[in-house]
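Accompanying notes for the structure given below.
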Amino acid sequence: MVTSPCAKASKAGADILKRGGNAIEAGVAMAGVLAVTQPHFCGIGGDAVWMVADDTGRRTSLLGIGQAARDLTSGHPIATRGQGSTLTTACAVDSWSAALSYSKTHWRGSLNLGELLEPAILFATEGYAVSPSQVHWLDFRAEAIAGWPGFSEIFMPSGQAPKAGSLFRQPQLGKSLEAIAMEGARTFYEGELGARIAAGLKTVGSPLTQRDLADTRTRCAQPIHTDYRGITLLAPPAPTQGITTLQAMGVLSAFDVGRLKEGGADHFHLAVEAIKQAFLERSGVADPDYSQCDMASMLSAANLQKMAEGVSSNQALAWPHLYRQGDTVHFAATDASGRCVSVLQSIYYDWGSGVIAGDTGILWQNRGAAFSTDPTSPNALQSGKRPFYTLNPGIALKGDKPYLLYGTQGADGQPQTLVMLLSRLIDFEMAPLDALRRPRFLLGKTFSDSSDSLKIEADAGEETLSRLAAMGHQVSPIEAQSPLAGQAGIIHIDQDGWVNGAHDTRSDGAALKVG
């Protein structure tokens with residue numbers, strides 16, 4: 001089974017499984033298509049984080065995270081868009097190669113990158129029907145787009161956003177993908193394509209060079225984990241916020257959630273308060289090469305108990321948190337042998353930096369905006385450093401075998417969405433689609449709301465909203481099935497190997513079962 005936020009990408013992954021390919025190979029095929037058809041959320045100018053597991057007990061995380069440029073002076077300015085945000089390299093393409101190397105070594109994978117990128121190249125060169133999501137984000141950023149180098153020529157060639165359903169082509173991106181397919185992933189970093197990328201970035205004033213690209217490598221790391229009701233939850237380690245999701249679930253495990261009304265005020269309240277406790281410790285998460293991050297202590301039983309003791313059963317804690325923005329796509333796959341991947345691929349904000357790398361058609365990420373300007377911060381900008389990372393795809397194990405694959409778009413909202421989904425899947429034993437359809441929350445500021453309110457989808461019901469307000473939450477209802485609540489995907493695998501999955505009804509995606 002596969003799931004992704006784009007039906008075309010899901011089909012590409014399903015087709016690979018039908019051919020006898022494994023979950024990683026299906027994942028790479030989906031990653032390629034998503035880099036074309038979801039340009040507002042991800043692309044080859046961005047990064048990717050992979051979680052990988054199989055039923056032999058083997059598990060790993062592949063951190064495809066680019067690093068800051070070498071040539072940065074002290075006090076280098078950080079911008080949210082434009083060249084001042086193009087401070088980090090892009091590791092998504094290298095992560096595809098690293099995943100395929102893992103596939104060949106451990107899963108007897110036989111498909112190469114060129115074969116797997118064929119659907120992506122076809123959609124880039126011959127076109128695809130524009131999604132409503134792509135149109136929405138073009139309209140939303142209409143005023144800012146004029147200042148983004150090379151952007152309008154590619155994404156608004158007629159001077160205005162294309163209509164949903166119209167045919168959209170990206171021929172320059174198609175040629176870049178063809179070069180990667182023919183020459184291999186490292187051409188993006190060390191070859192002729194890499195030279196053109198570096199030249200294009202230099203033209204707009206980015207500090208990145210081809211030497212920085214050549215230094216870019218995916219890191220293989222052991223996942224971090226915690227227990228929740230006898231289920232082992234896996235997450236990627238620092239510099240990702242995977243630990244935030246695990247801490248929130250660890251706090252929630254101290255309460256008998258299953259006895260509560262699912263989706264009622266008490267259920268929402270405990271989930272929200274667990275998130276607050278986890279976010280209070282999140283400021284210490286940074287690149288472990290540059291800053292100590294004791295994840296074992298953060299996930300210890302003593303620390304989780306201390307955090308749980310900070311939760312009142314009937315009173316909301318104030319929300320003293322600095323907002324982080326970001327968008328991404330989640331996709332996942334499991335094959336006939338029970339091998340699994342759960343992946344997030346991103347360019348950080350919607351439309352990333354807005355900067356096109358020369359004539360390559362590649363939209364570059366603005367992940368540099370995630371660094372801090374405070375020199376005392378663990379996440380302060382430094383040459384060669386990886387920024388704090390919101391991406392945290394997850395895999396849950398039951399009896400040491402993959403049980404749940406999950407992840408969501410949404411930056412700060414990722415742990416918040418995942419806490420509600422995991423509680424519904426585990427505490428209330430809901431099916432993936434049922435869990436995804438239920439109302440969710442988003443705490444704190446967003447790109448469209450500067451208040452630190454608790455935004456809850458209106459279908460939670462007036463009684464729930466009123467009771468939460470009485471507990472001290474600053475409740476702000478949002479529309480049901482709101483895109484603010486994330487676009488998640490879930491695959492459930494029972495102990496007999498039967499699979500069931502879904503992608504968010506808030507997205508344009510699909511889950512497809514093979515066989």
Side-chain angles (χ1 to χ4, degrees), residues 24-25 27-36 38-39 42-50 62-70 86-103 111-121 123-125 150 154 170-204 206-220 329 343 345-348 352-353 355-368 384 386:
I24 285 177
E25 293 165 336
V28 171
M30 288 191 285
V33 172
L34 289 165
V36 175
Q38 299 275 290
C42 74
I44 61 175
D47 291 335
V49 174
W50 293 66
L62 301 173
L63 306 179
I65 300 174
Q67 78 285 352
R70 284 172 173 261
T86 59
L87 304 179
T88 64
T89 61
C91 200
V93 172
D94 187 73
S95 82
W96 300 349
S97 178
L100 289 176
S101 177
Y102 185 97
S103 164
L111 299 179
N112 61 50
L113 186 57
E115 294 175 273
L116 298 171
L117 289 182
E118 288 176 1
I121 293 168
F123 285 125
T125 56
I154 291 178
Q170 299 177 74
Q172 291 180 331
L173 179 61
K175 290 181 180 178
S176 294
L177 288 167
E178 285 176 347
I180 294 167
M182 290 187 293
E183 301 168 30
R186 292 310 298 176
T187 192
F188 184 97
Y189 304 94
E190 300 165 352
E192 189 268 339
L193 175 58
R196 287 168 49 219
I197 290 170
L201 291 172
K202 181 179 180 180
T203 298
V204 300
S206 170
L208 292 171
T209 67
Q210 191 170 12
R211 185 182 179 189
D212 291 317
L213 297 179
D215 287 342
T216 305
R217 289 289 192 283
T218 301
R219 309 279 191 97
C220 182
V329 295
V343 190
Q345 187 165 271
S346 176
I347 52 172
Y348 200 28
S353 67
V355 172
I356 304 295
D359 64 355
T360 65
I362 299 170
L363 178 62
W364 209 257
Q365 67 180 354
N366 64 329
R367 189 60 69 168
R386 295 171 296 165

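Just so you know, these numbers use all the heavy atoms, side chains as well, and skip hydrogens, waters and symmetry mates.
Minimum heavy-atom separation, G114 to N112: N-OD1, 3.1 Å. In plain terms, the two heavy atoms of I121 and L177 that are nearest each other are CG1-CB, 3.7 Å. Taking all atoms of both residues into account, the shortest heavy-atom contact from G43 to A92 is O-CB, 4.1 Å. When all heavy atoms of A179 and T187 are compared, the closest pair comes out as O-CG2, 3.8 Å. Residue A48 comes nearest to W50 through the heavy atom pair CB-NE1, 3.9 Å, listed as atom of the first residue, atom of the second, then distance. Across L100 and L111, no two heavy atoms sit closer than the pair CD2-O, 4.2 Å.
Taking OG1 of T218 as the reference point, atom CH2 of W96 lies at 11.5 Å (rounded to 0.5 Å). Taken from CG in L62 to CG in D94, the straight-line distance is 10.0 Å, to the nearest 0.5 Å. Rounding to the nearest 0.5 angstrom, the gap separating the CD atom in Q67 from the OG1 atom in T88 is 8.0 Å. Here the straight-line distance linking atom NZ of K175 with atom CD1 of I180 works out to 15.0 Å at 0.5 Å rounding. With rounding to the nearest 0.5 Å, the separation of CD1 in I347 from CD in Q38 is 10.5 Å. To the nearest 0.5 Å, atoms CG (L113) and CD (E118) are separated by 10.5 Å.
Taking the side chain as every heavy atom from C-beta outward, L213 and L208 never approach each other to under 4.5 Å. T89 places none of its side-chain heavy atoms less than 4.5 Å from the side chain of Y189.
Under the 3.5 Å distance criterion, with hydrogens and angles disregarded, a donor-acceptor pair is assigned to the side chains of T209 and D212.
For the side-chain hydrogen bond (donor to acceptor under 3.5 Å, both in side chains) with D47, the lone residue among R367, Q365, Q345 that qualifies is Q365.
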Checklist entry - Where do R196 and L193 land on the side chain to side chain contact (heavy atoms under 4.5 Å, CB included) test, with the steps shown first? => result CA-CA 5 Å; R196 287 168 49 219; L193 175 58; 3.9 Å; yes
Checklist entry - Should L63 and R386 be marked as a side chain to side chain contact (heavy atoms under 4.5 Å, CB included) after you check the CA-CA gap, both sets of side-chain angles, and the distance that decides it? => result CA-CA 10 Å; L63 306 179; R386 295 171 296 165; 4.0 Å; yes
Next on the checklist: Between R186 and S97, does the side chain to side chain contact (heavy atoms under 4.5 Å, CB included) criterion hold? Intermediate values first, please.
Outcome noted: CA-CA 9 Å; R186 292 310 298 176; S97 178; 5.9 Å; no
Checklist entry - What's the verdict on side chain to side chain contact (heavy atoms under 4.5 Å, CB included) for L173 and I44, showing C-alpha distance, side-chain angles and the deciding distance? => result CA-CA 9 Å; L173 179 61; I44 61 175; 3.7 Å; yes
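Looking only at distances, a side-chain donor or acceptor of Q170 sits under 3.5 Å from a matching main-chain atom of V36. Distance alone, capped at 3.5 Å, is enough to place a donor-acceptor pair between the S353 side chain and the W364 backbone.
With respect to R217 and E190, a salt bridge is recorded, a charged nitrogen being found less than 4.0 Å from a carboxylate O.
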